[in-house]
Amino acid sequence: MTRWQRFLRMAFAAVVARPVVRLWLGVNVRHRERLPLRGPAIVAANHNSHLDICTLLSLYPLARVPDVQPAAAADYFMKGGPLTWIARNLVGIVPVVRSGMKAANGERRDPLEGCYEALARGAILVIFPEGTRGEPERLQALKSGIAHLARRFPDAPVVPLYMHGLGKSMPKGSFIPLPVFVDIFIGRALSWRDDGGEDKAVFMQTLSDCFASLRLKARPTREDAQEDVDQENA
């Protein structure tokens with residue numbers, strides 16, 4: 001990354017991401033201290049809105065923003081034109097080659113190749129384990145790519161992060177954000193325990209359970225609310 005690109009990324013966060021998120025939307029962050037400020041690290045976030053990346057960038061000090069790189073679909077962002085320039089220079093995405101795409105020489109590529117390179121450089125990689133934007137405020141099943149990253153970089157913390165409200169502000173198919181307050185819940189870091197006691201299925205279940213727990217903090221069920229009342233009255 002050049003100095004010019006680092007400057008552009010910090011300028012984008014300062015001029016676009018922060019004003020939109022903090023002034024137009026408003027945001028409340030729980031356990032901000034759990035957010036990794038240095039890499040290699042992986043931030044695993046739910047994905048409901050075009051504003052997810054802007055919101056995540058707004059959480060970081062400007063000096064750290066150039067190190068935060070979101071993984072995103074190459075077939076969407078790397079088609080050329082203004083969107084590709086913005087993705088590369090302002091957002092700093094790591095292109096993920098989705099299944100069915102081939103390299104220029106016709107060979108199959110590892111979809112996570114760019115993510116491996118980013119983590120090896122010490123980046124803070126933002127990944128959306130759902131794979132694509134889902135229905136507003138609904139959590140989809142997680143894809144296992146993040147487990148491959150965690151296994152390959154066992155010393156990189158995997159920090160689950162759940163955003164609530166963005167699915168209402170700017171869901172898939174919408175182009176104008178509504179002023180909706182956003183709650184962000186940051187979970188405790190996970191790591192790949194390479195001691196023979198954990199495999200991909202166990203890691204994915206642990207991560208899914210973390211997301212479920214964070215989601216309940218944002219949207220408690222009636223049963224959860226009643227249980228809290230019962231405990232307070234006990």
Side-chain angles (χ1 to χ4, degrees), residues 1-3 5-6 9-10 13 29-47 52-53 55-74 87-88 91-99 109-131 139 141-163 184-215 217:
M1 183 182 301
T2 67
R3 290 184 179 180
Q5 287 175 316
R6 293 183 69 87
R9 296 208 58 211
M10 287 189 288
V29 185
R30 308 285 181 88
H31 295 295
R32 183 188 290 268
E33 74 279 1
R34 295 174 179 172
L35 196 69
L37 297 180
R38 296 188 181 277
I42 301 170
V43 174
N46 62 312
H47 197 16
D52 289 342
I53 291 176
T55 301
L56 291 168
L57 291 179
S58 75
L59 300 179
Y60 279 88
L62 289 180
R64 298 262 63 89
V65 166
D67 299 323
V68 182
Q69 293 192 261
R88 283 176 173 168
V91 182
I93 74 161
V94 176
V96 175
V97 181
R98 294 197 277 200
S99 59
R109 296 182 56 184
D110 186 334
L112 299 174
E113 180 180 326
C115 296
Y116 299 147
E117 294 173 356
L119 288 171
R121 290 195 303 268
I124 301 170
L125 181 70
V126 175
I127 188 167
F128 300 107
E130 295 167 281
L139 188 64
L142 307 184
K143 298 185 182 300
S144 62
I146 190 170
H148 295 288
L149 293 173
R151 180 167 55 190
R152 185 153 177 168
F153 294 88
D155 294 329
V158 179
V159 179
L161 183 150
Y162 185 82
M163 297 175 283
I184 299 176
F185 299 85
I186 303 174
R188 298 183 185 277
L190 308 175
S191 62
W192 184 274
R193 296 186 296 276
D194 193 17
D195 58 1
E198 182 173 37
D199 58 17
K200 183 173 69 174
V202 173
F203 180 86
M204 292 305 301
Q205 185 60 56
T206 302
L207 182 60
S208 295
D209 291 344
C210 288
F211 270 114
S213 176
L214 294 175
R215 184 174 181 271
K217 293 179 180 180

Qualifying residues under side chain to side chain contact (heavy atoms under 4.5 Å, CB included), relative to [X], sequence neighbours excluded:
{"X": "A45", "value": "L56, F128, L161, M163"}
{"X": "R30", "value": "N28, F185"}
{"X": "R34", "value": "H31, I186, R188"}
{"X": "P36", "value": "A41, V43, Y60, I124, V159"}

Between Q69 and G92, is there a donor-acceptor pair closer than 3.5 Å when you use the side chain of the first and the backbone of the second? yes
Check: S144 side chain, A147 main-chain N or O, donor-acceptor pair, under 3.5 Å: no
What's the shortest heavy-atom distance between [X] and [Y], and which atoms?
{"X": "L142", "Y": "E130", "value": "CD2-CG, 4.0 Å"}
{"X": "M10", "Y": "A63", "value": "SD-CA, 4.1 Å"}
{"X": "P95", "Y": "A74", "value": "CB-CB, 3.8 Å"}
{"X": "L37", "Y": "P61", "value": "CD2-CD, 4.1 Å"}
{"X": "L62", "Y": "A13", "value": "CD2-CB, 3.9 Å"}
{"X": "L214", "Y": "G187", "value": "CD1-N, 3.9 Å"}

Does the cation-pi check pass for R151 over F203, that is, NZ or CZ under 6.0 Å from the six-membered ring centre and within 45° of its axis? no
Just wondering, do R38 and R64 contact through their side chains at under 4.5 Å, heavy atoms? yes
Do the side chains of P160 and L207 get nearer than 4.5 Å, heavy atoms only? yes
Of all pairs that satisfy salt bridge (charged side-chain N to carboxylate O under 4.0 Å, His left out), the ones with a partner from residues 113-129, not counting sequence neighbours: R109-E113
L112 CG to I146 CD1 distance, which is reported to the nearest 0.5 Å: 10.0 Å
Looking at W192, F153, Y116, which hits side chain to side chain contact (heavy atoms under 4.5 Å, CB included) with H148? Y116
V158 and its side chain to side chain contact (heavy atoms under 4.5 Å, CB included) partner, picked from L125, T206, L149, I42: I42
Sequence neighbours excluded, the answer for side chain to side chain donor-acceptor pair (under 3.5 Å) partners of Q205 is D209
In chain order, what residues pass the side chain to side chain donor-acceptor pair (under 3.5 Å) check against R6, with sequence neighbours excluded? none
